[in-house]
Amino acid sequence: MTTGCVLLDIEGTILPISFVRDVLFPYAQRRMADFLRNQTGNSVVRHWATACQDTIAQEQGVRPSYEDLAPVLHRWITEDRKHPGLKALQGLVWEEGYHAGAFAPRLYEDVLPALHRWQRNRLRLALYSSGSERAQRLLIEHTTDGNLTNLFSGFFDTGVGPKTATTSYQEIAGRLGLRSEEILFLSDIEFELDAAASAGLQTMHVVRPGTLPGQRHQVCFTFHEIMAAG
């Protein structure tokens, strides 16, 4: 089957989940209160903070002040809540960390050779993650392998829809200008692969250390096994 694009999940697929859970999340929790305090006049920060305040008011019937928002966001980070406001604010906090050299993501060793191989085979590369598009770009820009931004032609977050929704993958195909069946989606999460397959995408279950192989999709243990070609 002809492939025009390889669409990749991030955590658990191109780098260990531990980088996000054990490095990025704790950093955002430590820095969020000071970040909000220092950015009170930033209209972008205020916009996303308001989105979070609106959700809290709808769910709890009480609207927290901007000054009281940080503890709620701290809890949401622990819960890994997929809220666009939280994701955007985390991305802004992480941006400070990346620029300060506080951390650098290390990709699985098979990833970079595969990215270059697929690019030589005239395949487009794109990312789809619950992290914001900005957070994805920052991660790819600051890897221990260098800035890999120029390898990717698309960055998609939950603005296109949840990763477990068939319509999200249809939307991505439309934005890429490709038929669904021309896209190969790589993820370590079976429910995401189920949704992608329902949309007509090719799928591959990426099994990294700590991931259990499934039975609903073709499985690979390294990207060396993936023979995608345009």
Side-chain angles (χ1 to χ4, degrees), residues 9-105 127-142 149 154-169 171-172 175 187-189 191-192 195 210:
D9 172 49
I10 294 181
E11 58 181 284
T13 299
I14 68 170
L15 87 172
I17 294 174
S18 59
F19 177 72
V20 177
R21 302 295 171 86
D22 300 338
V23 178
L24 291 185
F25 281 6
Y27 184 87
Q29 287 179 315
R30 291 194 304 270
R31 293 293 304 149
M32 187 62 73
D34 286 343
F35 175 80
L36 292 176
R37 190 179 305 114
N38 295 334
Q39 298 292 330
T40 54
N42 187 318
S43 60
V44 174
V45 172
R46 282 285 187 171
H47 168 79
W48 291 116
T50 297
C52 295
Q53 290 170 286
D54 290 345
T55 296
I56 297 165
Q58 292 168 4
E59 293 178 350
Q60 301 181 9
V62 178
R63 183 183 183 84
S65 67
Y66 178 86
E67 291 72 21
D68 293 331
L69 188 57
V72 180
L73 299 183
H74 190 288
R75 185 178 73 250
W76 282 7
I77 293 170
T78 299
E79 297 168 352
D80 192 13
R81 180 153 183 178
K82 312 299 186 185
H83 188 284
L86 172 65
K87 294 300 181 182
L89 291 172
Q90 282 184 149
L92 292 169
V93 173
W94 293 335
E95 183 168 5
E96 290 188 346
Y98 280 117
H99 290 163
F103 39 74
L127 294 174
Y128 181 29
S129 173
S130 58
S132 69
E133 177 185 336
R134 181 59 183 152
Q136 296 175 39
R137 289 180 179 274
L138 285 166
L139 186 151
I140 291 300
E141 182 180 344
H142 293 88
T149 307
F155 297 83
F156 300 99
D157 57 26
T158 51
V160 301
K163 296 186 73 179
T164 54
T166 299
T167 53
S168 302
Y169 299 90
E171 177 69 17
I172 289 174
R175 294 193 186 189
S187 175
D188 64 318
I189 305 295
F191 292 122
E192 296 176 2

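Contact check on Glu11 versus Arg21 returns a salt bridge, with a Lys/Arg side-chain nitrogen under 4.0 Å from an Asp/Glu carboxylate oxygen. Between Asp157 and Arg134 no salt bridge is recorded (no basic side-chain N to carboxylate O distance below 4.0 Å). Between Glu133 and Arg175 there is no salt bridge, since no side-chain N of the basic residue sits under 4.0 Å from a carboxylate O of the acidic one. By the 4.0 Å N-to-carboxylate-O rule, Lys87 lies close enough to Asp80 to be salt-bridged with it.
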Q: Please step through side-chain contact (heavy atoms from CB on, under 4.5 Å) for the pair Leu73 and Cys52, ending with a clear verdict.
A: CA-CA 8 Å; Leu73 299 183; Cys52 295; 3.9 Å; yes

Q) Does the pair Glu171 and Lys163 meet the rule for a salt bridge (Lys or Arg N to Asp or Glu O under 4.0 Å), with working shown? A) CA-CA 11 Å; Glu171 177 69 17; Lys163 296 186 73 179; over 6 Å; no

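Looking only at side-chain heavy atoms (C-beta outward), Val44 and His47 stay at 4.5 Å or farther from each other. Side chains of Thr55 and Trp76 form a contact here, defined as non-hydrogen atoms less than 4.5 Å apart. Side-chain atoms of Glu96 and Leu92, non-hydrogen and from C-beta on, never get closer than 4.5 Å to each other. Phe103 has its side chain out of reach of Leu139: every pair of non-hydrogen atoms, C-beta onward, lies at least 4.5 Å apart. Looking at Thr50 and Arg63, their side chains come closer than 4.5 Å, going by heavy atoms from C-beta outward. Side-chain contact between Ile77 and Leu86: present, with at least one pair of heavy atoms (C-beta onward) separated by less than 4.5 Å. You'll find the side chain of Val45 reaches within 4.5 Å of the side chain of Tyr66, heavy atoms only.
Between the side chain of Ser132 and the backbone N or O of Ala135 there is at least one donor-acceptor pair closer than 3.5 Å. Judged purely by atom type and a 3.5 angstrom limit, Thr78 uses its side chain to pair as donor or acceptor with the backbone of His74. The backbone N or O of Phe156 sits less than 3.5 Å from a side-chain atom of Gln136, completing a donor-acceptor pair. A donor-acceptor pair is defined here as one N or O able to donate and one able to accept, closer than 3.5 Å; such a pair exists between the side chain of Trp94 and the backbone of Leu24. A distance-only check finds a donor-acceptor pair linking the side chain of Arg46 to the backbone of Thr40 [under 3.5 Å]. Without hydrogens or angle criteria, Ser168 side chain to Pro162 main chain gives a donor-acceptor distance under 3.5 Å. For the pair Asn38 (side chain) and Asp34 (backbone), a donor-acceptor distance under 3.5 Å is present.
For Tyr128 and Phe155, the gap between ring centers reaches or exceeds 6.0 Å.
One finds the CG atom of Asp54 at 8.0 Å from the NE2 atom of His83 (value rounded to the nearest 0.5 Å). A distance of 8.5 Å separates CD in Gln29 from CD in Gln90, rounded to the nearest 0.5 Å. We find the OG1-CD distance between Thr149 and Glu141 to be 5.0 Å, quoted to the nearest 0.5 Å. Rounded to the nearest 0.5 Å, atoms CG (Leu36) and CG (Leu89) are 6.5 Å apart. Put simply, CZ on Arg37 and CE on Met32 are 12.5 Å apart, with the number rounded to the nearest 0.5 Å.
Minimum heavy-atom separation, Ala28 to Val93: CA-CG1, 4.0 Å. In plain terms, the two heavy atoms of His142 and Pro105 that are nearest each other are O-CD, 3.3 Å. Residues Leu127 and Ile14 share a closest heavy-atom pair of CD2-CD1, 4.3 Å. Residues Leu69 and Pro64 approach most closely at CD1-CG, 4.4 Å, considering heavy atoms. The shortest non-hydrogen separation linking Ser129 to Ile10 is CB-CD1, 3.7 Å.
Classification of the Phe19-Tyr98 ring pair by plane angle, with boundaries at 30° and 60°, yields tilted.
A side-chain N or O of Ser187 and one of Glu192 form a donor-acceptor pair less than 3.5 Å apart. Ser65 and Gln53 share no side-chain donor-acceptor pair at under 3.5 Å.
Applying the ring-ring contact (aromatic ring centres under 6.0 Å, His included) criterion to Phe191, with sequence neighbours excluded, gives no partner residue.
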